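Everything on this sheet refers to the single structure shown next.
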Amino acid sequence: MSQFRPFLMFALLAGSLMAGPASAQTLEFEGAWSPEAPPVAPVMAGYVRITNPGTEDVVITTARCPDFGKVEIHDMRHQDGMMRMIKQESLTIPAGEQIALAPGGMHLMLMKPQRAIKRGETLDVTFETAAGESINVPFEVKPQSAREQGGQHH
Ligand SMILES: [Cu+2]
């Protein structure tokens with residue numbers, strides 16, 4: 001097996017050279033999940049914790065997923081005795097802070113499903129930032145009852 005080592009070392013070196021600051025991801029996504037919905041549901045929700053470990057604010061301008069016709073970022077607000085969902089044109093993650101998209105609050109609204117989506121599947125969501133960065137985040141489809149209780153670890 002020793003003859004493989006030079007190649008392996010080269011591959012590791014090349015990998016570390018390519019992962020320079022220019023390609024470093026500015027945001028960290030944790031615990032991305034989506035509650036399973038009935039097959040006829042016109043929308044699904046997506047939840048995730050987003051951390052900005054950097055020193056500059058990062059603005060998410062777009063979210064998309066090939067399984068849905070449209071993806072929006074919504075906030076919930078109490079208005080006239082009702083909870084209303086308000087579409088956000090963008091989502092700013094302040095430098096050094098974390099924002100949680102969670103049940104009852106801000107969420108990803110996955111609209112116009114293009115197919116039936118079942119638990120156990122992964123939704124391939126892409127977030128785009130104002131700086132032109134594109135970040136892929138897999139959202140795991142789980143039963144409604146899987147609501148995070150103090151963070152689930154796999
Ligand atoms: Cu919504």
Side-chain angles (χ1 to χ4, degrees), residues 15-154:
S16 62
L17 286 175
M18 284 187 286
S23 64
Q25 188 173 298
T26 53
L27 296 175
E28 291 166 7
F29 293 78
E30 287 175 282
W33 75 290
S34 179
E36 179 186 43
V40 292
V43 296
M44 285 175 74
Y47 305 117
V48 63
R49 286 185 304 279
I50 311 170
T51 306
N52 177 1
T55 52
E56 281 173 38
D57 295 357
V58 177
V59 181
I60 293 173
T61 52
T62 313
R64 54 190 156 80
C65 177
D67 296 320
F68 294 86
K70 199 176 183 186
V71 181
E72 295 181 352
I73 295 166
H74 285 182
D75 199 0
M76 302 269 268
R77 213 160 297 163
H78 217 83
Q79 214 171 55
D80 308 322
M82 284 199 294
M83 287 300 280
R84 289 181 190 275
M85 298 201 288
I86 319 265
K87 183 188 170 187
Q88 309 292 294
E89 292 305 329
S90 64
L91 176 62
T92 300
I93 320 294
E97 288 186 29
Q98 182 179 78
I99 284 186
L101 273 57
M106 234 175 335
H107 56 276
L108 211 58
M109 196 93 267
L110 303 153
M111 309 158 92
K112 301 181 186 165
Q114 308 292 295
R115 61 183 184 87
I117 291 157
K118 301 185 192 81
R119 70 177 65 176
E121 288 192 74
T122 298
L123 305 175
D124 182 20
V125 175
T126 301
F127 291 94
E128 275 172 22
T129 71
E133 187 182 7
S134 198
I135 306 167
N136 292 319
V137 181
F139 277 66
E140 204 182 321
V141 180
K142 297 182 189 179
Q144 289 272 359
S145 58
R147 294 189 168 212
E148 282 191 308
Q149 281 143 10
Q152 287 178 329
H153 297 277
H154 299 280

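All ligand and atom numbering here is 1-based and tracks the order in the structure. Note that the numbering runs from 1 along the sequence shown for the chain. Remember, predicted model here, so these are calculated numbers, not experimental data.
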Original post:
For the residue pair Val59 and Ser90, what are the closest heavy atoms and their distance?
Top reply: CG1-CB, 3.7 Å
Original post:
Looking at residues at least two apart in the chain, or sitting in another chain, which of them share a salt bridge (Lys or Arg N to Asp or Glu O under 4.0 Å) with Glu128?
Top reply: Arg64
**OP:** Using salt bridge (Lys or Arg N to Asp or Glu O under 4.0 Å) as the criterion, list what pairs up with Asp57, not counting sequence neighbours.
**Re:**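 Checked Asp57 against salt bridge (Lys or Arg N to Asp or Glu O under 4.0 Å); zero matches.
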Subject >> Ile93 side chain reached by Leu91 side chain, heavy atoms, under 4.5 Å >> reply: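 Result yes, sub-4.5 Å side-chain heavy-atom pair found.
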Original post:
How about Gln98 and Glu30: do any of their side-chain heavy atoms sit closer than 4.5 Å?
Top reply: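 Counting from C-beta outward, Gln98 and Glu30 do come under 4.5 Å.
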Subject >> Count, waters excluded, of protein N, O or S atoms under 2.8 Å from the Cu ion (ligand 1) >> reply: 4
Would you give me the side-chain donor-acceptor pairs under 3.5 Å for residues 99-120, sequence neighbours excluded?
residue: His107; atom: ND1; partner: Gly105; partner atom: O; Å: 2.9
residue: Gln114; atom: NE2; partner: Lys112; partner atom: O; Å: 2.7
residue: Arg115; atom: NE; partner: Asp67; partner atom: OD1; Å: 2.9
residue: Arg115; atom: NH1; partner: Glu121; partner atom: OE1; Å: 2.8
residue: Arg115; atom: NH2; partner: Asp67; partner atom: OD2; Å: 3.2
residue: Arg115; atom: NH2; partner: Glu121; partner atom: OE1; Å: 3.0
residue: Arg119; atom: NE; partner: Glu36; partner atom: OE1; Å: 3.1
residue: Arg119; atom: NE; partner: Glu36; partner atom: OE2; Å: 3.2
residue: Arg119; atom: NH2; partner: Glu36; partner atom: OE1; Å: 2.8

